[in-house]
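Just so you know, these numbers come straight off a predicted model, no measurement behind them. If you read the sequence from its start, that first residue is 1, and numbering goes on from there.
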Amino acid sequence: MPTPLPSSRLAWYALGRFWTVGEEVFDAGYFAHLELLAEADLFVPNKPVGPGSAHFTFYSESFTLSRVQTGPLSISLDSVGLFSLFYQRQPQADFTEPNSFAQGQCIARFRRPFKVVAEKLGTLELSTFSAELVESRPFEHCGQTYDLKDILPFGVTQWGVGTGSTLENEATFTGSAIAVGRPELPPLPR
């Protein structure tokens, strides 16, 4: 049985996009690194590395976004929300079809328990959020069974950088997440 990643150990690298539909925003993408797997196992062999060959994808539920201007810094506050990770045995994700990232077997759901803060600096946007693992299902890949509850039982903290695209309602991003740990607290002195 796998052991949880140590606190602050790299858990994943994600690449994705945000889409704005009316007043709501959602994001989707794929994983370029998952700590539980060898790099070769993340993508279909002999295909270009990208969303169409990625076995592991993510898709968020829609959330709302509010902006606050503080001097030259623009800050956005994303509402609390959920996102899911998917295992695609036959990868077919495509950024022109955002729902294609929510195909296959849902292997985990994470919840952002508080608002996400993102700061816009020129054309770049920096963000940080933590997410708790709220649901997990075992899955088999390359002859091995995995379950994210064994590896990321307390969730992740992710830092991201994004940039706007030429489309008004779409922006790209990359995120690096580390495992959240829950160390045992020493007993209080008497």
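Between Arg109 and Glu61, the closest side-chain pair of non-hydrogen atoms falls below 4.5 Å. Under the 4.5 Å side-chain criterion, counting only non-hydrogen atoms from C-beta, Asp41 is not in contact with His55. A 4.5 Å side-chain heavy-atom check between His33 and Leu10 finds at least one atom pair inside the cut-off. Taking the side chain as every heavy atom from C-beta outward, Thr64 and Val25 never approach each other to under 4.5 Å. Side-chain atoms of Ser84 and Phe58, non-hydrogen and from C-beta on, never get closer than 4.5 Å to each other. Using a 4.5 Å cut-off on side-chain heavy atoms (C-beta onward), Asp147 and Ile107 make no contact.
Separation of atoms OG (Ser130) and CD1 (Ile178) is listed at 8.0 Å; rounding is to 0.5 Å. The OG atom of Ser53 sits 10.5 Å away from the CG atom of Asn46 when rounded to the nearest 0.5 Å. Rounded to the nearest 0.5 angstrom, Leu152 CG and Ser136 OG are separated by 9.0 Å. One distance of note links CD of Gln103 with CG of Asp94; it measures 12.0 Å at 0.5 Å rounding. To the nearest 0.5 Å, atoms CD (Glu119) and CG (Leu124) are separated by 12.0 Å. Annotation: the span from Thr172 atom OG1 to Asp27 atom CG amounts to 12.0 Å, rounded to 0.5 Å.
The ring pair (Phe, Tyr, Trp, His ring centres under 6.0 Å) test with Phe56 singles out one residue from Tyr87, Phe31, Tyr146, Tyr13, and that residue is Tyr87. With Phe18 as the fixed residue, the ring pair (Phe, Tyr, Trp, His ring centres under 6.0 Å) test singles out one of Phe83, Phe95, Phe173: Phe173.
Here the closest non-hydrogen pair linking Leu85 and Leu148 is CD2-CD1, 3.6 Å. Of all heavy-atom pairs spanning Ser100 and Gln92, the tightest one is CB-O, 3.9 Å. Here the shortest heavy-atom pairing between Arg89 and Glu140 reads NH2-O, 3.6 Å. Of all non-hydrogen atoms in Gly175 and Gln158, the two that sit nearest each other are CA-NE2, 3.7 Å. Closest approach of Ala179 and Ala11 over heavy atoms only: N-CB, 4.2 Å. Residue Ala54 comes nearest to Pro91 through the heavy atom pair O-CB, 3.3 Å, listed as atom of the first residue, atom of the second, then distance.
Phe63 carries Arg112 over the face of its six-membered ring, with the cationic atom under 6.0 Å from the centre and within 45° of the normal.
Between Phe26 and Trp19, the ring planes lie parallel to each other; the angle is under 30°, not in the 30° to 60° tilted range.
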Could you go step by step and tell me if Arg67 and Glu125 meet the salt bridge (Lys or Arg N to Asp or Glu O under 4.0 Å) rule?
CA-CA 12 Å; Arg67 294 216 182 264; Glu125 188 161 282; 3.6 Å; yes
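Note on Phe129 and Val134: separate hydrophobic clusters, where clusters join Ile, Leu, Val, Met, Phe, Trp and Tyr whose side-chain heavy atoms are under 4.5 Å apart, directly or indirectly.
Remark: Gln69 CD is packed, more than 12 non-hydrogen atoms of other residues, nucleotides or ligands lying under 6.0 Å away.
Side-chain polar atoms of Asn99 and Tyr59 form a donor-acceptor pair below 3.5 angstrom.
A salt bridge does not link Lys149 to Glu132: none of the charged side-chain nitrogens sits closer than 4.0 Å to a carboxylate oxygen.
Thr174 contributes no side-chain N or O that, together with a main-chain N or O of Leu15, makes up a donor-acceptor pair within less than 3.5 Å.
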